[in-house]
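All remarks here apply to the structure that follows.
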Amino acid sequence: MGEVGLILIFISLLQGVTSEGWSMKALPRRAISSSCVVILCSFDFPSHSYTALHGAWFKYWYRWKYTIAYTKDPNYAMATFVGRAKIIGDLERKNCSLRIDSLRAEDSDVYYFYVDAEGYIDHTFTEPVQLQILDAPDKPVIVLLKDLQEGTPAHIICKCLYTCPDNHPNLTWSELLTSSVSTITENGGDVSALLTFNPSFKHHGRTLRCTCDYPQTSHRVVNSVTLSVKYTPQNLSITSLDMINASWINIIEGNSAVIVCYVESFPASNLTWRHLNVPMNRTSSNNELWLVIPHVTSRDTGDYQCVAENEHGAVEGFITIAVEHAPQNLSITSLDMINASSINIIEGNSAVIICSVESFPASNLTWQHLNVPMNKTSSNNELWLVIPHITSRDTGDYQCVAENEHGAVEGFITITVERRDSNEWKAGLLGAGICLSVGLSGFFIFMCVRKGSSTGRGHSAQAERMGSSPPGEQSDRYWKRGEGKAGIKSNHCVDEYRGPVYENCERGWALRNQKKDEKDLEMKSIRGLNPDTDDDLYANCDFAEYSVYGNL
């Protein structure tokens, strides 16, 4: 853009400014040494006829007025400004813009404009114009049009000093953000770069730089800004000196625990620690919250929740504390339990006893009976004792022992075994004995009565036969009677009663063992017994030692 363009821009800014009196408008300037500057200016005066318009710029130095540029006689200017300063505005269009090249430090001062309307009047405007010469250009100015918020389009402007058409600055951003667009515009004394993008939490805290390069003077100036993007809390993390992994920690009972909750958010979040849904402590000063438990106990076992929230949203995280401790709260239960220390079980039934304990890590559990280990486990904190068919030998105390690396605990239960229906069994046995005794007694009474009847008849018949028969016939009759007697005994032992009383009698003993019978007759004669009598009904029966009479 050339000088004419700059003047036209300035005129457009002052367009419509008219006055019935004398007036002048000019912008103060800050320019770079060794570069140039264009002071934009416009003026007005009362309507009146004149033949020509001339203008001049003066510099005051210790209240003296020095001409630096004059349209009527250019040679009238101060020697230090000759060839460097000139009026570039069209006075007929009431434009009084001034250009000064090869700026020096001593050019910094106040300047006034003078107008000469030939045929009417001349006038010096008293409104001063300030010019400041800089050794180096100012840093770019970065302006955020509004607060950056995630999800809402944002606009950032970077402005660089621009006073000389021949020294146009090159303006660049350090990087174009995601989905960003940059637009360069010029406006009077500066050039601007407008950056448009969609901010996210990833942009928060990032540094954005704007650089201005001036080719004529080889100056480069840079300015930066740290982006502050408002966004919901995220990337919550929980750490601890005792951490094993990201979700849980082991702490030995009695030790202390320190857990720290971090979160990313802007503005800072309110953080709260909770245990079993009960708030423990909270903070809103920053995005960090410490949880300190000086002496950890088994009651501190469980999940801990860290909640972070601000005006844009909330996020939460969890960590589990596992407290290592010795076994405790050992309990023994059973479906057949009567009280907490003993149970009664009927002989032949099954018994199920469960031993459980609280510990971490899990305990080794062992059942013992009479100090003899029965079964054991190390898989969890529970051990079952199952006795399928209980007997009297299972009576006694049972001990459950639980132990881990931090300690041990034990518990006891007593099992009492009751015999199944013992009173009824005794009564039944007594009744059976009585019935058996009565039956045997009746049987022997019957046998004794029968024996008496047979003996009486035998003596009567014998007397008759002995009185009428000769001795030889008596002997034959004796033998036949003896043979018949054996047959009768045999019939008594086997046919009439086949029970255990006569099980040792032999059927037909006289016929099978005649010699034995003859010896028996001789033995009877020697002992003074009459072989022809029936007094010894059972003399030829051999009873076993376990016969009925053995128990009488």
Side-chain angles (χ1 to χ4, degrees), residues 253 298-299 301 323-444 498-501 503 544-552:
E253 188 172 31
S298 58
R299 295 189 300 272
T301 296
V323 180
E324 296 189 10
H325 60 91
Q328 57 188 1
N329 297 331
L330 186 145
S331 64
I332 299 175
T333 60
S334 170
L335 298 178
D336 304 308
M337 178 168 285
I338 298 176
N339 56 40
S341 60
S342 66
I343 57 174
N344 292 347
I345 302 176
I346 298 174
E347 188 174 25
N349 288 357
S350 63
V352 178
I353 311 173
I354 304 169
C355 177
S356 59
V357 72
E358 297 176 7
S359 72
F360 183 79
S363 296
N364 296 322
L365 283 86
T366 305
W367 274 110
Q368 295 181 0
H369 179 45
L370 303 178
N371 293 324
V372 177
M374 301 178 67
N375 63 342
K376 62 177 62 183
T377 181
S378 60
S379 60
N380 52 35
N381 281 333
E382 182 177 283
L383 181 58
W384 289 44
L385 175 62
V386 179
I387 306 175
H389 300 285
I390 201 161
T391 67
S392 58
R393 293 190 301 272
D394 299 313
T395 296
D397 293 334
Y398 288 77
Q399 180 185 23
C400 179
V401 180
E403 58 182 344
N404 65 8
E405 59 191 80
H406 302 291
V409 67
E410 59 186 25
F412 297 86
I413 189 171
T414 301
I415 294 179
T416 301
V417 180
E418 297 182 354
R419 299 185 66 180
R420 182 183 298 273
D421 299 327
S422 58
N423 293 331
E424 296 179 3
W425 180 83
K426 291 179 181 178
L429 184 60
L430 179 60
I434 293 173
C435 292
L436 180 61
S437 299
V438 171
L440 291 176
S441 299
F443 171 77
F444 285 114
R498 300 181 180 271
V501 177
E503 63 184 357
E545 63 180 356
Y546 50 83
S547 64
V548 174
Y549 295 99
N551 294 323
L552 295 179

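Values reported hereafter were calculated over all heavy atoms of this structure, with side chains retained and with hydrogens, waters and symmetry mates removed.
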task = Could you check if a side-chain atom of Val323 sits within less than 4.5 angstrom of a side-chain atom of Phe360, using non-hydrogen atoms only?
result = no

note = In this structure, CD1 of Ile413 is separated from NE2 of His369 (nearest 0.5 Å) by 12.5 Å

ask   = Are a donor atom and an acceptor atom from the side chains of Ser298 and Glu358 found within less than 3.5 Å of each other?
value = no

message = Could you report the tightest heavy-atom contact between Asn371 and Gln399, atom names first, then the distance?
response = OD1-OE1, 4.4 Å

query = CD1/Ile353 to CD1/Ile332 distance, rounded to the nearest 0.5 angstrom?
reply = 7.5 Å

ask   = For the residue pair His325 and Asn404, what are the closest heavy atoms and their distance?
value = O-ND2, 3.1 Å

request  = Please round to the nearest 0.5 Å and tell me the distance separating atom OG of Ser392 and atom CD of Glu418.
outcome  = 13.0 Å

Interatomic distance, Asp394 atom CG to His389 atom NE2 [nearest 0.5 angstrom] = 11.5 Å

request  = Give, for atom OG of Ser350 and atom CD1 of Ile390, the distance between the pair rounded to the nearest 0.5 Å.
outcome  = 8.5 Å

Ile387 vs Ile345 side-chain heavy atoms within contact, under 4.5 Å = no

remark   = Between Val357 and Gln328, the two heavy atoms sitting closest are CG2-O, 3.3 Å

inquiry  = Is it the case that the side chain of Ser334 and the backbone of Val352 share a donor-acceptor pair, with hydrogens and angles ignored and the cut-off at 3.5 Å?
reply    = yes

message = For a 4.5 angstrom cut-off between non-hydrogen side-chain atoms, does Leu385 reach Asn375?
response = yes

query = Among Pro327, Ser378, Cys400, which one satisfies side-chain contact (heavy atoms from CB on, under 4.5 Å) with Leu365?
reply = Cys400

remark   = Rounded to the nearest 0.5 angstrom, the CG-CG distance for Asn364 and Asn381 is 9.5 Å

query = Would you call the rings of Tyr398 and Trp367 parallel, tilted or perpendicular, where under 30° means parallel and over 60° means perpendicular?
reply = perpendicular

ask   = Tell me, do His406 and Pro361 make a side-chain contact under 4.5 Å, heavy atoms counted?
value = yes

ask   = Is there side-chain contact between Cys355 and Leu330, with heavy atoms separated by less than 4.5 Å?
value = yes

